[in-house]
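All remarks here apply to the structure that follows.
Because only heavy atoms are used, hydrogens play no part in the values below, and waters and symmetry mates are left out as well, while side chains stay in.
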Amino acid sequence: MPLLGCQSDLQKFGKDYQTKGDLQSLEKVMALLQTETDTATIRKILGEPIDMGFDFRYLTEKTGENNCVIGAVFHIDEFGKIDDRWVGEICE
């Protein structure tokens, strides 16, 4: 379970995101989390995602300039690991 930063910080910010669904907590988790993390770890930290099969999505209370919700997207490779991630507007 490769993680950067302090485990307790990840847990704290992850719990904050699960409680509030806020962009600030989600961005803090993203800053502490390594890219190549397994999906079980993502679920443990951020809770249940919107599971698209090829990526996980976590939404926030914010919308962007295109009036789309801002959230995090975690792309899942064929081995069940996160191989790319980003925070921004999700307009799909």
Side-chain angles (χ1 to χ4, degrees):
M1 178 166 71
L3 301 174
L4 283 179
C6 180
Q7 178 70 17
S8 62
D9 284 346
L10 272 173
Q11 290 172 338
K12 177 194 177 305
F13 296 133
K15 188 172 188 162
D16 287 348
Y17 171 77
Q18 289 184 48
T19 302
K20 303 175 198 171
D22 65 313
L23 181 58
Q24 182 179 6
S25 298
L26 186 57
E27 287 177 329
K28 288 180 180 179
V29 168
M30 295 291 277
L32 293 171
L33 195 63
Q34 274 192 347
T35 297
E36 294 180 357
T37 303
D38 63 59
T39 55
T41 301
I42 300 297
R43 280 187 159 115
K44 182 178 178 185
I45 295 167
L46 292 172
E48 285 303 309
I50 298 170
D51 187 348
M52 303 296 287
F54 54 89
D55 67 28
F56 282 178
R57 298 177 184 197
Y58 291 91
L59 308 180
T60 70
E61 80 290 6
K62 303 271 186 197
T63 55
E65 64 184 45
N66 296 311
N67 206 29
C68 299
V69 68
I70 296 175
V73 177
F74 294 87
H75 183 264
I76 304 166
D77 70 13
E78 64 271 15
F79 304 107
K81 300 276 186 190
I82 304 303
D83 65 357
D84 192 19
R85 66 195 173 121
W86 54 272
V87 174
E89 281 189 274
I90 303 171
C91 296
E92 296 178 344

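- Inter-residue side-chain proximity for Leu46 and Phe74 is flagged as met; some heavy-atom pair is nearer than 4.5 Å.
- With values rounded to the nearest 0.5 angstrom, Asp16 atom CG is found 12.0 Å from Gln11 atom CD.
- Listed for the Tyr58 side chain is no donor-acceptor partner under 3.5 Å among the backbone atoms of Glu48.
- A 4.5 Å side-chain heavy-atom check between Val29 and Glu27 finds every atom pair outside the cut-off.
- Note on Asp83 versus Lys81: no salt bridge recorded, every NZ/NE/NH1/NH2 to OD/OE distance being 4.0 Å or above.
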Run Arg43 and Thr41 through side-chain contact (heavy atoms from CB on, under 4.5 Å) and show every step you take.
CA-CA 5 Å; Arg43 280 187 159 115; Thr41 301; over 6 Å; no

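- A salt bridge does not link Lys62 to Glu89: none of the charged side-chain nitrogens sits closer than 4.0 Å to a carboxylate oxygen.
- Proximity of a side-chain donor or acceptor of Thr60 to a complementary backbone N or O of Gly71 within less than 3.5 Å is not detected.
- Side-chain heavy atoms closer than 4.5 Å link hydrophobic residues (I, L, V, M, F, W, Y) into clusters, and following such links, possibly through other members, connects Ile82 to Val87.
- In the hydrophobic clustering of ILVMFWY residues, with side-chain heavy atoms under 4.5 Å counting as a link, Leu59 and Leu26 come out apart.
- Within a 6.0 Å radius of CZ in Phe79, other residues, nucleotides and ligands contribute 12 heavy atoms or fewer.
- Here the OG1 atom belonging to Thr39 is positioned 9.5 Å from the CG atom belonging to Asp77, to the nearest 0.5 angstrom.
- Other residues, nucleotides and ligands contribute over 12 non-hydrogen atoms within 6.0 Å of the CD atom of Gln18.
- Residues Phe56 and Ile76 are in side-chain contact: their nearest non-hydrogen atoms beyond the backbone lie under 4.5 Å apart.
- By the rule that hydrophobic residues join a cluster once side-chain heavy atoms approach within less than 4.5 Å of another member, Ile42 and Phe13 end up as members of one cluster.
- Formation of a donor-acceptor pair under 3.5 Å by the Arg85 side chain with backbone atoms of Leu33 is found in this model.
- The aromatic rings of Phe54 and His75 sit tilted, their planes meeting at an angle between 30° and 60°.
- Proximity of a side-chain donor or acceptor of Thr19 to a complementary backbone N or O of Lys15 within less than 3.5 Å is detected.
- Note on Ile90: it clusters hydrophobically with Met52, by side-chain heavy-atom contacts below 4.5 Å among ILVMFWY residues.
- Using a 4.5 Å cut-off on side-chain heavy atoms (C-beta onward), Cys91 and Asn66 make contact.
- Using a cutoff of 4.0 Å between basic side-chain nitrogens and carboxylate oxygens, Lys28 and Asp22 are not scored as salt-bridged.
- The nearest pair of heavy atoms linking Glu61 to Gly21 is OE1-O, 3.1 Å.
- Closest approach of Leu10 to Ile45, counting heavy atoms only: O-CG2, 3.8 Å.
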